[in-house]
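Have a look at the structure below before the remarks.
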Amino acid sequence: MSISVGRNFFIVISFCLLSWCQFSFAYAGNELVKIETVKKAGSDTVIATNNSRMPVMVTLQLSSSSNLASSRNWPIQVQLAGGQSMELVEVSAANKQFGYTFYYSSQFVQGDAWARHDAGVSYRIPFLAGQAFQILQSADGPLFTHTTVATRYAVDINMPVGTTVIAARAGIVVEVVRQFADNGKAEAEFFDKANYVRVLHDDGSWADYVHLMQNSTQVQPGQRVEVGNLLGLSGNSGFSTTPHLHFHVQVNQNGTIISLPFRFRNAHDGVFTPLYQTWLIPDAQNLTASKTKTRKTLRECLPTGKAIDDAVIRCLSS
C-alpha cells in the first residue's frame, strides 16, 4: 500500500508602490501554476502546469518520506515556459514489498531565472499629457514603501486620474488586472486591489504599470505592444493615498524577483535616470501643440453609463 500527499503553498509575489503606499500581487498555487500528484500503478508522478503567460521557476522540496525511490534528486527545480506542462518526478517504493510515503511542498517564482536585462535600453516616459508630472518616490530619495529588493528602483509618478498610460518598451502583455475601483486607501485590505498591466520584454525582464483606472485597460494577455502603444488610463486603485502611476522594471535573478535600475528618455532631456522630485516631460506625440489648451476631462469624455472605449481614450488625448 502506498500513501502520497502533496502540499501546494501560496507563492511568490511582487511589490510596489507610491509615497506612503504599498501593495502585493499574490496568487494561489492552483491559479497560475498547478501542481498535482497523479497516481499510476505502483508509483506517483508529480506534474506542474504553468497556466500563466510568464515563464516560471518551480521548486519542489521533500518534507519527509519513507521507503522512497525517486526518478530525480530532491529538491527539484525546473523552469516552465508560459502554458507549459511537465512531469517533474516519478516516485515509487524502494522495496517493492512495502508501501511508501512522501510529503512535499511546492513554490514558484515568475520570470526567467537566467534572464539578463539589457542595461543599454532606455524607456519612454510612460504617459501622454499636456504637462509634466513629478516623481514622488524614486531610489535616490526617501523610500516610504520601496524598501524591498523587488521595489528598490521603482518610481511613483504623480498624475491625475484619467491620464493616458502608454508602453515604455515593446513586449508581450502577460497579465492584466482591471476590475478594482479607484478608491485607493493606505489600508491593508487594499494591498491586492491595484489594477495593472504587466509587459514581458524580449530580454526576459518585465515592466508593471500599476494603479490604473477601473476597466480602462485596452490590451489583453498575449497581445504584443510596441513603444508608445496605449495601455489604459491612470487611476487610484489599490493601496494608495493619491492618484499616481507606479512603474518598475523587474527580473527573476536566480529565483528572487528584483527591481532593476532603468533610464527614461524623451525629446527634451534625452536619456536620463529618474530622480526624486524631478519632473517628467512626455513626448508630444498625439498631443496638441499649444500648451495653453486645456485637455478634456474624464467627465467630459465619459458620459454617465458609457464604457471606456477607444473613442473615450481619443477624447482624453485630444
Side-chain angles (χ1 to χ4, degrees), residues 16-23 25 124-138 144-146 154-168 173 175-187 189-199 207-219 228-248 274 277 279-288 291 293-318:
C16 286
L17 215 77
L18 146 81
S19 57
W20 306 110
C21 307
Q22 172 182 335
F23 69 87
F25 305 137
R124 181 170 171 176
I125 303 296
F127 61 88
L128 293 178
Q131 65 186 92
F133 294 134
Q134 190 176 33
I135 294 177
L136 300 177
Q137 187 174 188
S138 61
F144 304 104
T145 57
H146 301 171
V155 295
D156 293 317
I157 307 167
N158 185 37
M159 66 178 60
V161 171
T163 303
T164 302
V165 177
I166 61 173
V173 177
E175 291 178 18
V176 175
V177 172
R178 67 184 80 203
Q179 72 269 25
F180 296 113
D182 292 279
N183 59 350
K185 294 181 181 179
E187 298 176 3
E189 64 181 288
F190 290 86
F191 282 170
D192 59 352
K193 292 180 173 58
N195 301 317
Y196 67 94
V197 171
R198 174 168 292 175
V199 177
D208 288 334
Y209 305 75
V210 189
H211 304 298
L212 301 180
M213 180 191 293
Q214 185 179 32
N215 297 323
S216 74
T217 51
Q218 301 293 300
V219 292
N229 283 174
L230 170 69
L231 298 181
L233 302 178
S234 67
N236 192 35
S237 57
F239 194 110
S240 173
T241 59
T242 189
H244 71 287
L245 177 69
H246 174 100
F247 177 84
H248 64 214
Q277 291 188 331
W279 295 80
L280 296 180
I281 302 173
D283 289 332
Q285 179 179 330
N286 298 329
L287 299 179
T288 56
K291 293 184 179 180
K293 182 176 180 180
T294 302
R295 294 176 64 213
K296 292 182 179 179
T297 66
L298 182 62
R299 180 170 296 182
E300 292 174 308
C301 293
L302 185 61
T304 302
K306 180 178 174 61
I308 295 174
D309 55 18
D310 289 339
V312 175
I313 300 296
R314 288 194 296 272
C315 175
L316 289 166
S317 298
S318 64

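Along the sequence shown, residues carry numbers from 1.
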So [Y] and [X], do their side chains get closer than 4.5 Å, heavy atoms only?
X	Y	answer
Gln137	Thr145	yes
Val210	Leu245	no
Val197	Asp208	no

Does any N or O in the side chain of [X] come within less than 3.5 Å of the main-chain N or O of [Y], such that one atom is a donor and the other an acceptor?
X	Y	result
Asp182	Asn236	yes
Ser216	Leu233	yes
Ser234	Pro160	yes
Gln134	Gln277	yes
Asn158	Leu136	no
Gln214	Gln179	yes
Ser240	Thr242	yes

Taking the six-membered ring where the residue is Trp, are the ring centres of His246 and His248 under 6.0 Å apart?
yes
Which residue, Tyr209, Phe133, Phe247, forms the side chain to side chain contact (heavy atoms under 4.5 Å, CB included) with Phe127?
Phe133
Between [atom1] of [X] and [atom2] of [Y], what distance do you get to the nearest 0.5 Å?
X	Y	atom1	atom2	answer
Phe239	Glu189	CZ	CD	10.5 Å
Asn215	Asn195	CG	CG	7.5 Å
Leu128	Leu230	CG	CG	8.5 Å
Gln131	Leu280	CD	CG	12.0 Å

Over all heavy atoms of both residues, which pair between [X] and [Y] is shortest? Give the atoms and the distance, please.
X	Y	answer
Ala132	Pro282	CA-CD, 4.3 Å
Lys193	Phe180	O-CB, 3.2 Å
Ile166	Ile125	CD1-O, 3.7 Å
Val161	Met213	CG1-CE, 3.3 Å

